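As structure tokens, the structure follows; a few thoughts come after it.
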Amino acid sequence: MLGSGLLDDVPLDDMIRLFDRISLVDAVHPWPARLAARRYPNVALVTAEISAGLAGSWADLCTGADLIVSANLLSQLPIVPIEAHEARGRAAPPLLGADLVETHLKALDTLAGRVERVCLITDAVQRAEDRSGRFTDSLDWLFKVELPPAEAAWDWEIGPFGASGRRHRLIHRVQACPDWKTVPR
């Protein structure tokens with residue numbers, strides 16, 4: 001599981017019944033993830049920085065895996081590098097976000113050639129909607145990088161009315177490619 005984070009989107013209890021070994025991969029493993037992983041002898045925490053791709057020894061860790069899942073990671077990869085530029089009072093390079101997204105997709109292509117199945121689940125667009133149902137703003141989480149047609153897509157209300165503001169809510173459009181190898185490009 002690439003970008004396991006807090007395990008909010010990872011059905012670990014269900015996965016334990018389906019797989020002999022599970023590797024949760026992230027740059028940092030927050031304490032809730034560490035506690036959850038300790039409950040199972042077949043769950044390993046792998047610390048790896050994957051924002052620049054899945055190169056070198058990291059990719060070797062995936063060899064022999066039956067399934068690799070990039071879940072809600074792709075859209076998050078550009079955030080820290082872009083914010084780091086802004087914190088220094090500089091604009092991020094114009095193509096930084098798109099380059100990081102494309103690098104991750106190329107890494108998934110490489111992994112798809114090495115393992116049985118690669119699954120991509122990602123936020124693609126964030127929309128702000130007012131109480132009349134009109135979209136008032138949007139944010140392209142993939143920086144204009146086009147994904148292949150998704151096998152599944154759905155809306156996820158991440159900020160309901162009142163949480164994001166009294167007059168609007170935030171909705172993410174999520175796309176899923178259950179088998180990256182078979183997605184037409």
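Just so we're clear, the structure is a prediction, and the values are computed from it rather than from any experiment.
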**Q.** Minimal non-hydrogen separation, Ala36 against Leu7, with atom names
**A.** CB-CD1, 3.7 Å
Q. Mind checking whether Leu96 and His85 have side chains closer than 4.5 Å, heavy atoms only?
A. yes
Q.
Can you confirm whether Ile68 sits close enough to Arg114 that some side-chain heavy atom of one is under 4.5 Å from a side-chain heavy atom of the other?
A. no
Q.
If you apply the rule side-chain contact (heavy atoms from CB on, under 4.5 Å), what do you find for Val115 with Leu67, and how did you get there?
A. CA-CA 7 Å; Val115 302; Leu67 171 67; over 6 Å; no
Q) Taking it one step at a time, do Val101 and Leu74 satisfy side-chain contact (heavy atoms from CB on, under 4.5 Å)? A) CA-CA 6 Å; Val101 168; Leu74 181 63; 3.8 Å; yes
Q.
On a heavy-atom basis, which atom in Cys119 and which in Pro178 lie closest, and how many Å separate them?
A. CB-O, 3.6 Å
Q.
Can you confirm whether more than 12 heavy atoms, excluding those of Asp14, are under 6.0 Å from its CG atom?
A. yes
Q: Step by step, work out the side-chain contact (heavy atoms from CB on, under 4.5 Å) result for Val43 and Met15.
A: CA-CA 10 Å; Val43 174; Met15 292 171 62; over 6 Å; no
Q. Going hydrophobic residue to hydrophobic residue with side-chain gaps under 4.5 angstrom, can you get from Val118 over to Leu77?
A. yes
Q. Do you reckon Ile22 sits in the same ILVMFWY cluster as Val69, going by side-chain contacts under 4.5 Å, direct or chained?
A. yes
Q) Between Lys144 and Asp140, is there a salt bridge with N-O shorter than 4.0 Å? A) no
(Q) Treating Thr182 as the side-chain partner and Asp179 as the backbone partner, does any N or O pair qualify as donor plus acceptor under 3.5 Å? (A) yes
Q | Ile82 reachable from Leu73 in the ILVMFWY side-chain graph, under 4.5 Å edges | A | yes
Q. Val174 and Ile158: same hydrophobic cluster, using ILVMFWY side-chain contacts below 4.5 Å?
A. yes
Q | Atom pair CD (Glu102) and CG (Asp109), whose distance is rounded to the nearest 0.5 Å | A | 11.5 Å
Q: Nearest 0.5 Å please: distance from the OG atom of Ser4 over to the CG atom of Leu12.
A: 9.5 Å
Q. Do Leu147 and Val183 come within less than 4.5 Å of each other through their side chains, counting heavy atoms only?
A. no
(Q) Atom CZ of residue position Arg34 - does it have more than 12 heavy atoms of other residues, nucleotides or ligands inside 6.0 Å? (A) yes
Q: May I ask you to decide if Leu35's main-chain N or O and Arg39's side chain share a donor-acceptor pair within less than 3.5 Å?
A: no
Q.
Restricting to non-hydrogen atoms, name the atom on Pro148 and the atom on Pro184 that form the minimum distance, rounded to 0.1 Å.
A. CB-O, 3.2 Å
Q. Above 12 or not: heavy atoms from other molecules or residues under 6.0 Å from CZ of Arg166?
A. no
Q: Please step through side-chain contact (heavy atoms from CB on, under 4.5 Å) for the pair His104 and Leu2, ending with a clear verdict.
A: CA-CA 11 Å; His104 189 71; Leu2 305 179; 4.2 Å; yes
**Q.** CG on Leu142 to CG on Leu139, rounded to 0.5 Å
**A.** 9.5 Å
**Q.** Pairs touching residues 150-185 that satisfy ring pair (Phe, Tyr, Trp, His ring centres under 6.0 Å), sequence neighbours left out
**A.** Trp141-His172
Q. When rounded to the nearest 0.5 angstrom, what is the spacing between CG in Leu24 and CE in Met1?
A. 7.5 Å
Q: Flag the pair Arg167 / Asp130 as yes when at least one side-chain heavy-atom distance between them is below 4.5 Å, and no otherwise.
A: no
**Q.** Spacing of Gln175 atom CD and Ser75 atom OG [to the nearest 0.5 Å]
**A.** 11.0 Å
Q: Name all pairs fulfilling the ring pair (Phe, Tyr, Trp, His ring centres under 6.0 Å) condition that reach into residues 6-35, sequence neighbours left out, sorted by first residue then second.
A: none
Q: Of all the heavy-atom pairs spanning Val46 and Ser23, show the shortest one and how long it is.
A: CG2-CB, 4.0 Å
(Q) Please find the pair of heavy atoms, one from Asp26 and one from Gly5, that lie closest to each other, and give the distance. (A) OD2-N, 2.7 Å
Q: Identify the heavy atoms of Leu120 and Leu108 that sit nearest to each other, and give their distance.
A: CD1-CD1, 3.9 Å
Q. Is there a chain of hydrophobic side chains (I, L, V, M, F, W, Y, each step under 4.5 Å between heavy atoms) that links Tyr40 to Leu18?
A. yes
Q. What is the distance from atom CG of Leu170 to atom CZ of Arg127, rounded to the nearest 0.5 Å?
A. 10.5 Å
Q) Just wondering, more than 12 heavy atoms not from Glu157 lying within 6.0 Å of its CD? A) yes
